[in-house]
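So the structure is just underneath, and the comments pick up after that.
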Amino acid sequence: MTQTADRDWTPYQPARQQARDVVTTDGRRYRIVVSTPEAPAPAQGYPSILVLDGVQHFAAMSDGASALSRRPQKTGVEPMVVIGVFHGDGQALDADVRSRDYTSVAPPRGELVGKGFGGAEAFRRTLSDVVLPLVSDYLSLDPARRTLFGHSLGGLFVLEALAQQPDLFSRWVSISPSLWWRDDLRLEGGDALLLGIGEREQRRDMVGRTQAFAQRSSARLLIAPNADHGSAPLALLPDALRHATAR
């Protein structure tokens, strides 16, 4: 085998994915990436799932949706649109910006000192007033099957958004939510809310907090066996997709 020259390697662009950058009036930058199925849109539009922290979760979610929707009668996942929201230019995770966007109150004393916080309402308005209208103008989406997905601090944002604006999405997926940030959330999730946690997420009593929240919010809770904080979103990805496309 001979060594290939660097010039023979070219960037790879996944099929059926498009991106658009947006800048809010107060200067916040986001990259929006959509992954579309090959199948034509049904009369009511595609089901969709909007994925926070796109740099971490969009690729897995879009690949999972593409693979599982090939046999929906077996997997329970129908062809769907996956929408990824990336911070900045979409190349890296910005911990300070995500803590700003995903929280509405300061963290507990001694936690994440110096990190941004308090921008959840502004970010929620960005989703409702900018991102969702842009995508809906571009693609035919089913408003009855529109899901928001978040993990960790993104999972906390999902719960706060459900509490503050329950009609923004019709379904909600919160994986390993950072309930240690605030434990005063009260909402009625019912069948619309899917909660997930990894069995090995013992730090900050993540499992116990999530179980207690699921009970008081009447939400469905899935515990991923042997999964930790990082692997829980992958372990529960098929469940999230089934939740998003179920009729």
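Just so you know, these numbers use all the heavy atoms, side chains as well, and skip hydrogens, waters and symmetry mates.
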Handout entry: Residue pair Leu132 / Leu50, side-chain heavy-atom distance below 4.5 Å
Key = yes
Exercise for the section: Can you measure from CZ (Arg31) to CZ (Arg29) and round to the nearest 0.5 angstrom? Expected result: 10.5 Å
Problem - Test salt bridge (charged side-chain N to carboxylate O under 4.0 Å, His left out) applied to Asp53 and Arg98, step by step - result: CA-CA 8 Å; Asp53 288 324; Arg98 70 187 295 271; 2.7 Å; yes
Exercise for the section: Quick one: pull up CG in Leu148 and CZ in Arg124 and give me the separation to the nearest 0.5 Å. Expected result: 11.0 Å
Problem - Aromatic centroids of Phe157 and Phe123 separated by under 6.0 Å - result: yes
Problem - Asp205 atom CG, over 12 foreign heavy atoms within 6.0 Å - result: yes
Handout entry: CG-OG distance between Leu193 and Ser218, expressed to the nearest 0.5 angstrom
Key = 10.0 Å
Handout entry: Minimum heavy-atom distance between Gly45 and Ser140, given as atom pair plus value
Key = CA-OG, 3.3 Å
Problem - Close side-chain approach of Ser176 and Glu201, heavy atoms under 4.5 Å - result: yes
Handout entry: Close side-chain approach of Ile197 to Ile175, heavy-atom, < 4.5 Å
Key = no
Exercise for the section: Check whether any side-chain heavy atom of Val85 sits under 4.5 Å from a side-chain heavy atom of Val51, and report yes or no. Expected result: no
Practice task
Would you check if the side chain of Ser174 reaches a backbone N or O of Gly155 as a donor-acceptor pair within less than 3.5 Å?
Solution key: yes
Practice task
Tell me whether Leu179 is reachable from Leu222 by hopping between hydrophobic residues (I, L, V, M, F, W, Y) whose side-chain heavy atoms are closer than 4.5 Å.
Solution key: no
Practice task
Could you tell me if the ring centre of Tyr102 sits under 6.0 Å from that of His87?
Solution key: yes
Exercise for the section: Can you see which heavy atom on Ser69 is nearest to which on Pro79, and at what distance? Expected result: CB-N, 3.5 Å
Problem - Heavy-atom donor-acceptor pair, Arg16 side chain to Ser35 backbone, under 3.5 Å - result: no
Practice task
Enter the distance from Leu194:CG to Arg220:CZ here, rounded to the nearest 0.5 Å.
Solution key: 5.5 Å
Handout entry: No-hydrogen, no-angle side-chain donor-acceptor test under 3.5 Å, Arg182 and Ser104
Key = yes
Practice task
Determine whether Leu127 and Phe58 fall in the same hydrophobic cluster, where Ile, Leu, Val, Met, Phe, Trp and Tyr are linked whenever their side-chain heavy atoms lie under 4.5 Å apart.
Solution key: no
Practice task
Mind running side-chain contact (heavy atoms from CB on, under 4.5 Å) on Val33 and Gln18 for me, showing each step along the way?
Solution key: CA-CA 6 Å; Val33 185; Gln18 295 80 34; over 6 Å; no
Problem - Distance-only polar pair, side chains of Ser217 and Glu188, donor-acceptor under 3.5 Å - result: no
Handout entry: Heavy-atom side-chain contact between Ser48 and Ile83 under 4.5 Å
Key = yes
Exercise for the section: Look only at the side chain of His57 and the backbone of Gly84, and say whether a donor-acceptor pair between them is shorter than 3.5 Å. Expected result: no
Practice task
Could you tell me whether a side-chain N or O of Thr147 sits under 3.5 Å from a main-chain N or O of Ile49, the two making a donor and an acceptor?
Solution key: no
Problem - Heavy-atom check, side chain of Glu121 versus side chain of Glu160, under 4.5 Å - result: no
Exercise for the section: Please check if the side chain of Glu199 supplies one atom and the backbone of Asn226 the other of a donor-acceptor pair under 3.5 Å. Expected result: yes
Handout entry: Contact summary for Ala244 and Met80, nearest pair of heavy atoms
Key = CB-CE, 3.8 Å
Exercise for the section: Check step by step if side-chain contact (heavy atoms from CB on, under 4.5 Å) holds for Val135 and Leu141. Expected result: CA-CA 8 Å; Val135 179; Leu141 302 182; 3.8 Å; yes
Handout entry: Check against side-chain contact (heavy atoms from CB on, under 4.5 Å), Trp180 and Met206
Key = CA-CA 7 Å; Trp180 55 268; Met206 290 282 286; 3.7 Å; yes
Handout entry: N/O donor-acceptor pair under 3.5 Å between Trp181 side chain and Val105 backbone
Key = yes
Practice task
Return yes when atom CZ of Arg20 has more than 12 non-hydrogen atoms of other residues, nucleotides or ligands closer than 6.0 Å, and no otherwise.
Solution key: no
Exercise for the section: Start with the C-alpha gap between Phe149 and Phe169, add the side-chain angles, then the distance that decides, and say whether ring-ring contact (aromatic ring centres under 6.0 Å, His included) holds. Expected result: CA-CA 10 Å; Phe149 172 95; Phe169 292 86; over 10 Å; no
Practice task
Count the heavy atoms of every other residue, nucleotide or ligand shown that sit under 6.0 Å from CZ of Arg203, and state whether that count exceeds 12.
Solution key: no
Exercise for the section: Measure from the side-chain N and O atoms of Arg146 to the backbone N and O of Leu168, and report whether any donor-acceptor pair falls under 3.5 Å. Expected result: yes
Completion exercise
Output for pair (Gln164 CD, Leu159 CG), nearest 0.5 Å, gives 12.0 Å
Handout entry: Side-chain donor-acceptor pair present, Asp228, Ser231, cut-off under 3.5 Å
Key = yes
Handout entry: Note, Val130 side chain near Thr24 side chain (heavy atom, < 4.5 Å)
Key = no
Problem - Thr75 side chain vs Val77 backbone, donor-acceptor pair below 3.5 Å - result: yes
Exercise for the section: Show the numbers, then the answer: is there a side-chain contact (heavy atoms from CB on, under 4.5 Å) between Gln211 and Ile223? Expected result: CA-CA 9 Å; Gln211 288 175 320; Ile223 299 178; 3.5 Å; yes
Practice task
State, to 0.1 Å, how close Pro107 and Phe117 come at their nearest heavy-atom pair, and which atoms those are.
Solution key: CD-CD2, 4.0 Å
Practice task
Indicate whether the side chain of Thr126 and that of Arg28 have a donor and an acceptor atom separated by less than 3.5 Å.
Solution key: yes
Problem - Leu234-Leu93 co-clustered via ILVMFWY side chain contacts under 4.5 Å - result: no
Problem - Shared hydrophobic cluster for Leu241 and Leu52 (ILVMFWY, side-chain gaps under 4.5 Å) - result: no
Problem - Spacing of CZ belonging to Arg242 relative to CG belonging to Leu237, to within rounding of 0.5 Å - result: 9.5 Å
Practice task
State, yes or no, whether a side-chain contact exists between Phe213 and Leu195 at a heavy-atom distance under 4.5 Å.
Solution key: yes
Exercise for the section: Measure from the side-chain N and O atoms of Ser66 to the backbone N and O of Ser62, and report whether any donor-acceptor pair falls under 3.5 Å. Expected result: no
Practice task
Verify, without hydrogens or angle tests, whether Tyr46 (side chain) and Thr36 (backbone) share a donor-acceptor contact under 3.5 angstrom.
Solution key: no
Handout entry: Closest approach of Thr210 to Gly196 (non-hydrogen atoms, all atoms of both residues)
Key = CG2-O, 4.5 Å
Practice task
Find out if a path of hydrophobic residues (ILVMFWY) with successive side-chain heavy-atom gaps under 4.5 Å connects Val173 to Leu156.
Solution key: no
Practice task
State, to 0.1 Å, how close Pro47 and Asp142 come at their nearest heavy-atom pair, and which atoms those are.
Solution key: N-CB, 4.2 Å
